[in-house]
Amino acid sequence: MSWKTIIEPFKIKTVEPLGFTTLPEREAVLREACYNIFAIPADKVLVDLLTDSGTSAMSAEQWACVMRGDESYAGARSFFTFEAAVRRLTGYRHIMPVHQGRAAERILFSVVGGPGKTILSNSHFDTTRANAEASGCVALDLPAPGALDFDTPADFKGDIDLKALEDAIRRIGKQNIPMIVMTLTNNSLGGQPASMANLRETSRIARHYGIPVIIDCARFAENAFFIKRREPGFASRKVSDIAQEIFSYGSGAMMSSKKDAFANIGGFLALNDPDWAKAAREILILGEGFPTYGGLAGRDLEAIARGLTEVLDEEYLTYRIRSIEYLAEGLRKAGVPIVEPPGGHAVYVNARKFLPHIKPEGYPGQSLVCELYRTAGIRAVEIGSLMFGKTENGKFVPAPMELVRLAIPRRVYTQSHIDFVIEVFADIAKRRDRLPPMRLIEGSQRLTHFTAKMMPEPV
Ligand code: F0G
């Protein structure tokens, strides 16, 4: 029997109060924050869908592991527990903890990036792109055809475009391409999975040209579960086996353990190449810490090791993916256009379509983000021209999409929180034509969305 109600596969042992505010308070908070939701104090937020990163509820077992943390500077027992867990999953040889995903990016790109190089990817996440570009190299996205057609669902919109990949390698030259990064799931374009067939073929092409494939595996378990659900031949395979097969098509991985390891901080860089690993360790020591702790406490290493196993639990993954679909169903019913199908960790609202009266230079995504907060204290994030737009020769170049991501923290909210979010959207949908465009008053060169200052304009 498959029941309609979502059963969260856990019971709640510890609770945290939510931040209730009044409308005038929220309006003041928005003004104070210059309409940048990153500047809003979290205790003024009711439902925080800003990110699924570092916001998971840890399990009782993970907290027990925290107590077992060995805080020795070098050779801590917790490191070996962590190393064994990462190796069991990925099969890679050299495993380095880092304080979070972007540290792995910075280290790896400092070793093999640099001017004249191009990194190819199904899509770089924003920090991945920024770290690649900061090293001097070009970050080129080659998403699957159809990935930007948000209205048409497809099973594996996170695939890399294999034809574009081969063309790019021939055009740019394999000697100028230090790696292909497969981001699983593809966060920038809707949290969509890549298929095993696509990973296998990417690996074949990469091997042919002698280019390593590195997996950005922040959400590897969600990707593996989608493969089980959607790809012929995988229905009866264990998700843990599917995950191992995914890693077999790469020769290294960067992970933000703040996602599919249920940890509040942490990550790793795992590499097969001994020369890359040696160079990476030197940079690790310089900026993160000794290679057996890499900027983390022993207790964090323990929590991550445990989380990497828990996340492969199929009851958990069934609930996880179902609860995202449930939000998507509610939004569709409320007439809110979303990226189809919903992703593994988030539903992405198509703000360009929802607010057609706001041009990209008026940041429709940011306008919706501010209205969600103003109306009900819901915090979401813009993935559009505020995050990816540019100014070139004094001219505004919009991002290819104007989305608002509703990321769902793992094991944190229940179905009634999600029902509330749907109700708020239904209310905003009725008066969407009155949402104002936004103006950027102050930005920065890189990752401007974190610090930008904005103002609503007259409608
Ligand atoms: N790669 C992907 C696919 C990510 O989604 C993130 C972070 C990172 C790398 C960087 O990891 O934050 O630990 O340094 N994504 C967060 C988000 C910030 O909200 O999607 P980090």
Side-chain angles (χ1 to χ4, degrees), residues 37-38 42 45 48-56 96-109 119 121-134 139 141 143 147 157-158 160 179-194 214-223 246 250 252-270 284 287-288 294-296 300 303-304 307-308 324 339 343-348 365 369 379-384 386-388 403-410 412 446-447 449-451:
I37 42 82
F38 287 97
V45 175
D48 205 345
L49 307 184
L50 177 62
T51 180
D52 62 321
S53 179
T55 51
S56 298
M96 288 159 260
V98 292
H99 82 275
Q100 61 180 79
R102 67 198 72 181
E105 295 162 1
R106 184 180 53 79
I107 292 170
L108 187 57
F109 300 148
I119 295 173
S121 176
N122 53 343
S123 281
H124 298 78
F125 180 64
D126 62 355
T127 59
T128 323
R129 167 174 294 281
N131 272 298
E133 289 173 353
D141 290 346
K157 289 168 106 177
I160 196 167
M179 72 184 95
I180 299 165
V181 172
M182 287 299 286
T183 309
L184 307 179
T185 55
N186 188 348
N187 189 9
S188 304
L189 289 180
Q192 306 290 321
I214 302 294
I215 298 176
D216 176 345
C217 63
R219 300 178 181 87
F220 73 95
E222 288 165 6
N223 200 107
I246 288 176
M254 307 181 271
M255 182 174 195
S256 167
S257 309
K258 300 171 74 173
K259 284 88 171 173
D260 268 356
F262 300 118
N264 302 122
I265 196 71
F268 61 77
L269 175 61
L284 185 75
E288 295 284 297
L296 294 172
D300 302 322
I304 295 167
L308 288 175
I324 311 282
V339 174
H345 67 293
V347 176
Y348 294 63
V369 162
R379 181 156 67 168
V381 72
E382 191 256 19
I383 300 196
L386 182 58
M387 193 179 268
F388 291 117
L403 304 177
V404 169
R405 186 184 72 173
L406 308 169
I408 310 298
R410 293 170 182 76
V412 170
R446 275 194 196 108
L447 299 172
H449 53 289
F450 288 128
T451 52

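The first residue in the sequence is number 1, and the count goes up from there. Ligands are counted one by one from 1 in listed order, and the atoms in each one are counted from 1 as well. Bear in mind that the values here come from a model prediction, so they are computed numbers and not experimental data.
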Query raised in the report: Do the side chain of Ser123 and the main chain of Asp141 share a donor and acceptor less than 3.5 angstrom apart?
Result: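 Not at all, since once roles are kept as given, no pair shorter than 3.5 Å links the two residues.
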Query raised in the report: Any sub-3.5 Å donor-acceptor pair from Asp300's side-chain atoms to Ile265's backbone N or O?
Result: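 No; zero donor-acceptor contacts below 3.5 Å.
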**Report entry** Set of residues that line ligand 1, where lining means a heavy atom lies under 4.0 Å from it
**Finding:**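 Lining ligand 1: Thr51, Ser53, Gln100, Gly101, Arg102, Glu105, Phe125, Thr127, Thr183, Asn187, Asp216, Arg219, Ser256, Lys258, Lys259, Arg405.
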Requested in this report: Check salt bridge (charged side-chain N to carboxylate O under 4.0 Å, His left out) between Asp52 and all other residues, then give those that pass, not counting sequence neighbours.
Outcome: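 So Asp52 forms a salt bridge (charged side-chain N to carboxylate O under 4.0 Å, His left out) with Arg219, Arg410.
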Requested in this report: Can you sort out the partners of Arg102 under salt bridge (charged side-chain N to carboxylate O under 4.0 Å, His left out), two or more places apart, ordered by chain and number?
Outcome: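 Counting only residues at least two positions away or on another chain, Arg102 forms no salt bridge (charged side-chain N to carboxylate O under 4.0 Å, His left out).
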Requested in this report: Not counting sequence neighbours, which residues clear side-chain hydrogen bond (donor to acceptor under 3.5 Å, both in side chains) with Lys259? List them please.
Outcome: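 Residues passing side-chain hydrogen bond (donor to acceptor under 3.5 Å, both in side chains) with Lys259: Ser53, Ser256.
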Requested in this report: Could you tell me whether the side chain of Asp216 reaches within less than 4.5 Å of the side chain of Asn187, counting heavy atoms only?
Outcome: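 A side-chain contact is absent here, since even the closest heavy-atom pair is not under 4.5 Å.
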